[in-house]
Structures are given as C-alpha cells and as structure tokens.
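Encoded as structure tokens, the structure appears first; notes follow it.
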Amino acid sequence: MNSLSYNLLTPAQICFGWGRRAEVGELARALGQRAFLIVGSQTLSRNGMLADIQQRLAAQEIESIHVADISHEPEVADVDRLVEQLRQHQPAAGDFVMAVGGGAAIDLAKAAAAIVTNASAGDSVKDYLEGVGQGLKITAPPLPMLAMPTTAGTGSEATKNAVISSYDPAFKKSLRSDAMVPDIVLVDPELTVTVPATTTAYTGMDAITQCIESYISRRRQPIPQALAIEGLKRAVPAITAAVAHGDSRPAREAMAHAAMLSGMALANSGLGMAHGVAAALGVHCRVPHGLACAVMLPVAMRTNRAVAHDELEIIGRTIVDDELRGVAAVDAGIARIQAICDEVKIPHTLTEIGVSAEQIPEIVKSSRGNSMNGNPLELSDAELTRILEGML
C-alpha cells in the first residue's frame with residue numbers, strides 16, 4: 001500500500017446557502033473598510049441585486065467602489081487596465097477586492113488583486129503567466145478577496161489560479177499562486193436562477209468535467225477525489241433540471257455546490273486533456289470554455305479508460321449504478337456523460353463548434369500546459385492530432 005502524502009489548499013471561509021447574500025456585509029467587514037467591486041453579471045445590476053449588495057456593505061460602514069464590469073473571458077488587457085485603475089485608488093491596508101459574477105469576473109478580480117501588490121507600474125500580467133511571460137512569481141500577498149459566484153461552473157471561487165487569455169498572440173494561460181485563493185467565498189445559489197439555459201448547460205458541464213478530470217488526474221489526491229465524487233453525485237442528477245427549469249431551487253443548489261467542490265478538487269489535483277484542449281479551442285476558435293469542455297469530455301474519458309480504468313469504474317458506479325463492476329461500470333459512466341451532453345444539446349463534433357482541419361496543428365500546440373500535464377495518459381502531438389481529427 002502506498003503511503004499518503006499530500007497538501008490541501010482551500011478558502012479560509014466558505015458560506016453556502018440560498019439567500020445567504022444577505023450576510024455579505026458582515027462577512028466583508030472581516031476583510032476591511034473599502035471594497036473594490038468587479039461585476040460580471042449585468043442582470044444583477046438591472047434587477048437591483050447589486051445595489052442591495054452595496055447597501056449591505058454600506059450598512060457595515062464599508063465603502064464600495066465599482067471598478068470593473070466584464071462580460072467575456074478576461075484578457076491580458078483587461079487585467080492590466082484594472083490594475084491601473086486600482087493603483088489610482090492607492091490601495092492600502094483595509095482595502096479588499098470583491099467579485100460578483102461568473103468565473104470571468106472572479107478570475108479578473110483574483111489576477112488584479114495579485115498583480116497590483118506585486119508588479120511595478122507599467123508591468124503586465126503577461127510577465128507572470130505560466131509559459132508565456134518572464135516567469136515572474138507572486139511573492140507579496142494579494143489584496144484580500146471575497147468571491148460571490150453567480151454561475152455554477154468554473155469553481156474559480158475556490159481555486160488558486162486565474163485563467164487569462166490573449167488572441168494576438170493566441171494563448172490562454174494561468175496566473176497561479178497559493179495566495180490567490182479567495183479569503184471568503186459566499187455561494188448563494190439563488191443568484192444563479194437568472195442564468196440562461198445555454199449558459200447553465202455550459203457552466204454545469206464545466207463543473208462535471210472538472211470533477212471527472214481531477215478524480216482521474218495523474219496528480220489526484222484523496223480528499224479532492226472525495227470532493228469530486230460528492231460533486232458528481234450532486235451535479236449529474238441535477239444538470240438537466242437546472243437547464244430545463246432555471247428556477248428549480250434543488251437543481252440550482254446542487255449545481256452551485258458541485259461547482260464549488262469541483263474548484264476545490266482541481267485546485268489540489270489538477271485536470272486533464274479535456275481542459276487542455278478546451279483552452280486551445282477558446283483562443284483559436286473562440287469556443288466558450290464550458291462548451292469546449294463538454295464537447296471534449298466523453299472523448300477524454302474514452303481516451304483515458306485504459307490507464308484510469310479503476311477511477312472510471314468508480315465514477316460509473318457513482319453516477320449510474322453501484323452494482324456495476326469492471327468494464328460495464330466504465331462503459332456505463334461514459335455513456336451517462338454522453339447522454340447528459342445530448343440532453344443539454346452539446347454538439348458531438350468539432351466542426352459543429354466552428355473548428356476546421358487547418359486549425360488542428362495550432363490547437364494541438366496550444367493544448368500543452370498545466371491541464372494537459374495532469375492527464376492520466378501521456379499523449380504525443382501525433383496522437384492528440386489523430387484524436388482531434390477524428391472529432392471533426
């Protein structure tokens with residue numbers, strides 16, 4: 001029996017529950033007296049929810065400054081621009097960053113909170129990104145952070161990285177530091193009720209992909225694996241209901257909980273092929289991240305079945321039938337995931353999401369990175385090319 005040895009990184013405080021956004025003022029007060037707000041949901045602004053949050057901050061004598069809105073996956077220029085804005089406010093002790101939105105808003109906030117305390121004026125976040133910059137590291141503590149997710153997908157509220165994109169040159173890379181895990185995570189599933197069905201499907205499949213990939217990752221760890229299984233138990237039965245009935249409280253609660261667990265799992269165990277390719281599809285073909293993960297997930301499971309048989313067997317027993325064993329459990333698990341993809345209208349082919357044969361070489365090249373490094377099966381460029389060409 002192998003001896004156990006691992007680290008576990010989680011947010012310092014997690015507050016989860018329907019309607020618990022009402023506690024945001026008291027929670028935020030523990031971080032400081034001035035909040036820099038990064039918002040990723042226009043709906044929250046329109047329906048008065050953002051104003052309510054700001055009023056609750058004000059009731060605790062916290063000044064809130066709305067510094068950024070974002071409606072797309074964050075790019076290098078977005079981070080650099082926000083860092084410059086934060087500098088104009090001369091952040092000091094008692095200041096903190098608060099993200100209210102999906103993974104894009106939370107990633108933007110995490111990146112800016114780290115860069116503003118680490119980089120010199122005029123420096124770019126690019127210099128700190130894995131594999132593309134100067135290899136600079138986050139050494140000073142970022143601004144404290146409170147994360148309030150409004151989608152149930154990326155789990156960014158519980159991770160130590162921020163995914164940042166560029167389209168010229170094309171890359172999608174992480175800014176990563178243990179210090180970047182948000183200090184306080186406030187998950188109110190009621191905030192996800194207004195998320196459209198398509199976005200619910202894409203983000204939900206991202207959470208499911210993260211649970212599966214972290215569970216079978218070559219860097220898998222016991223506690224994250226337990227979290228991933230719990231996430232799958234919640235998300236697999238709930239995702240179609242959340243897509244079809246957006247106001248379903250049980251479905252929204254299950255998906256929000258699964259998304260957060262998936263973030264905690266990936267932060268400690270890494271991911272795999274589906275996420276590696278998804279990043280490349282994002283920068284080269286502008287495919288939404290969750291959609292890219294969903295298209296790749298059944299293929300990734302089939303690709304890894306020989307080397308991750310035991311883990312995929314447990315997944316199959318978890319999401320289909322605990323009486324199943326061996327190959328039957330593996331097959332059933334993959335079939336169940338494919339059926340979910342079909343139910344929430346995920347395309348089967350890369351062609352359907354705008355990928356051409358001519359783009360495959362660049363996609364293969366850009367698929368390399370931290371996620372692909374966690375894949376159970378080592379894939380050569382030629383092997384990955386064959387897989388992707390077979391998906392056209």
Side-chain angles (χ1 to χ4, degrees), residues 1-7 174 205-233 235-236 261-262 264-281 292-322 324-341 348 350 360 363-391:
M1 180 178 175
N2 294 332
S3 61
L4 285 176
S5 177
Y6 62 86
N7 295 337
S174 280
M205 286 307 303
D206 186 16
I208 288 172
T209 305
Q210 289 170 174
C211 285
I212 290 175
E213 290 210 298
S214 66
Y215 190 84
I216 70 174
S217 165
R218 67 173 61 187
R219 298 193 290 260
R220 57 190 178 269
Q221 300 290 349
I223 294 177
Q225 280 191 310
L227 298 176
I229 287 294
E230 178 66 17
L232 290 173
K233 286 179 180 177
V236 168
L261 294 178
S262 78
M264 295 169 70
L266 78 88
N268 291 280
S269 290
L271 292 164
M273 168 188 155
H275 271 81
V277 176
L281 292 173
C293 288
V295 171
M296 293 303 305
L297 179 57
V299 177
M301 293 175 76
R302 289 193 289 269
T303 299
N304 286 296
R305 62 178 298 155
V307 293
H309 179 276
D310 292 350
E311 290 76 23
L312 288 170
E313 177 183 349
I314 292 170
I315 287 172
R317 290 169 55 188
T318 299
I319 66 176
V320 181
D321 183 352
D322 191 47
L324 294 171
R325 293 292 184 273
V327 173
V330 175
D331 288 343
I334 296 172
R336 181 74 184 100
I337 293 300
Q338 185 63 68
I340 291 172
C341 288
H348 281 235
L350 293 178
I360 296 294
I363 291 170
V364 169
K365 183 179 176 182
S366 296
S367 294
R368 300 298 172 187
N370 196 66
S371 291
M372 188 65 84
N373 291 342
N375 198 60
L377 180 66
E378 186 103 27
L379 291 168
S380 68
D381 284 357
E383 289 168 328
L384 185 56
T385 297
R386 280 196 296 274
I387 292 168
L388 297 180
E389 288 178 342
M391 294 179 66

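Numbers here simply count residues along the sequence, with the first being 1. Values below: all heavy atoms of this structure, side chains included; hydrogens, waters and symmetry mates excluded.
- Across all non-hydrogen atoms, the minimal contact from Ser262 to Ala207 is CB-O, 3.5 Å.
- In this structure a side-chain-to-backbone donor-acceptor pair under 3.5 Å is present from Ser269 to Gln221.
- Here the straight-line distance linking atom CD of Glu311 with atom CG of Asn304 works out to 10.0 Å at 0.5 Å rounding.
- Qualifying side-chain hydrogen bond (donor to acceptor under 3.5 Å, both in side chains) partners for Arg368, counting only residues two or more places apart in sequence or in other chains: Asp381.
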Test side-chain contact (heavy atoms from CB on, under 4.5 Å) on Ile337 and Ile319; report intermediate values, then the result.
CA-CA 9 Å; Ile337 293 300; Ile319 66 176; 4.0 Å; yes
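- Atoms CG and CD1, on Asp310 and Ile216 in that order, are 12.0 Å from each other to the nearest 0.5 Å.
- Applying the side-chain hydrogen bond (donor to acceptor under 3.5 Å, both in side chains) rule to Asp322 yields the partners Arg317; only residues at least two apart in sequence or on another chain are considered.
- To the nearest 0.5 Å, atom CG of residue Leu271 and atom CG of residue Asn375 are 10.0 Å apart.
- Minimum interatomic distance between Leu324 and Ala332 (heavy atoms only, all atoms of both residues): CD1-CB, 3.6 Å.
- Residues Ile340 and Met205 are in side-chain contact: their nearest non-hydrogen atoms beyond the backbone lie under 4.5 Å apart.
- At least one donor-acceptor pair closer than 3.5 Å links the side chain of Ser214 to the backbone N or O of Cys211.
- Evaluation of the salt bridge (charged side-chain N to carboxylate O under 4.0 Å, His left out) test over residues 207-219, restricted to residues two or more places apart or in two chains, returns Arg218-Glu378.
- Residues Arg305 and Val327 meet the side-chain proximity criterion, which asks for heavy atoms closer than 4.5 Å.
- Rounding to the nearest 0.5 angstrom, the gap separating the CD atom in Glu389 from the CG atom in Leu384 is 10.0 Å.
- Side chains of Asn7 and Asn268 form no contact here, defined as non-hydrogen atoms less than 4.5 Å apart.
- Side-chain contact between Cys341 and Leu297: absent, with no pair of heavy atoms (C-beta onward) separated by less than 4.5 Å.
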For Met273 and Leu377, run side-chain contact (heavy atoms from CB on, under 4.5 Å): C-alpha distance rounded to whole Å, both residues' side-chain angles, the deciding distance at 0.1 Å, then the answer.
CA-CA 9 Å; Met273 168 188 155; Leu377 180 66; over 6 Å; no
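- Side-chain contact check for Asn370 versus Ser174: every heavy-atom pair is 4.5 Å or farther apart.
- Under the rule for a side-chain hydrogen bond (donor to acceptor under 3.5 Å, both in side chains), Ser5 has no partner lying at least two apart in sequence or in another chain.
- You'll find the side chain of Tyr215 reaches within 4.5 Å of the side chain of Ile314, heavy atoms only.
- Distance check, rounded to the nearest 0.5 Å: CG of Leu261 to CG of Leu266 gives 11.0 Å.
- Side-chain contact between Val277 and Val295 is absent, with no heavy-atom pair separated by less than 4.5 Å.
- No side-chain donor-acceptor contact under 3.5 Å links Glu313 to the backbone of Val330.
- When side chains are defined from C-beta on, Leu281 counts as touching Leu350, because their heavy atoms get closer than 4.5 Å.
- For Glu230, the side-chain hydrogen bond (donor to acceptor under 3.5 Å, both in side chains) partners at least two apart in sequence or on another chain are Arg234.
- Interatomic distance, Gln338 CD to Met301 CE, rounded to the nearest 0.5 Å: 10.0 Å.
- In this structure, a donor-acceptor pair under 3.5 Å is present between the side chains of His275 and Asp206.
- Under the rule for a side-chain contact (heavy atoms from CB on, under 4.5 Å), the partners of Ala339 that lie at least two apart in sequence or sit in another chain are Arg336, Glu343.
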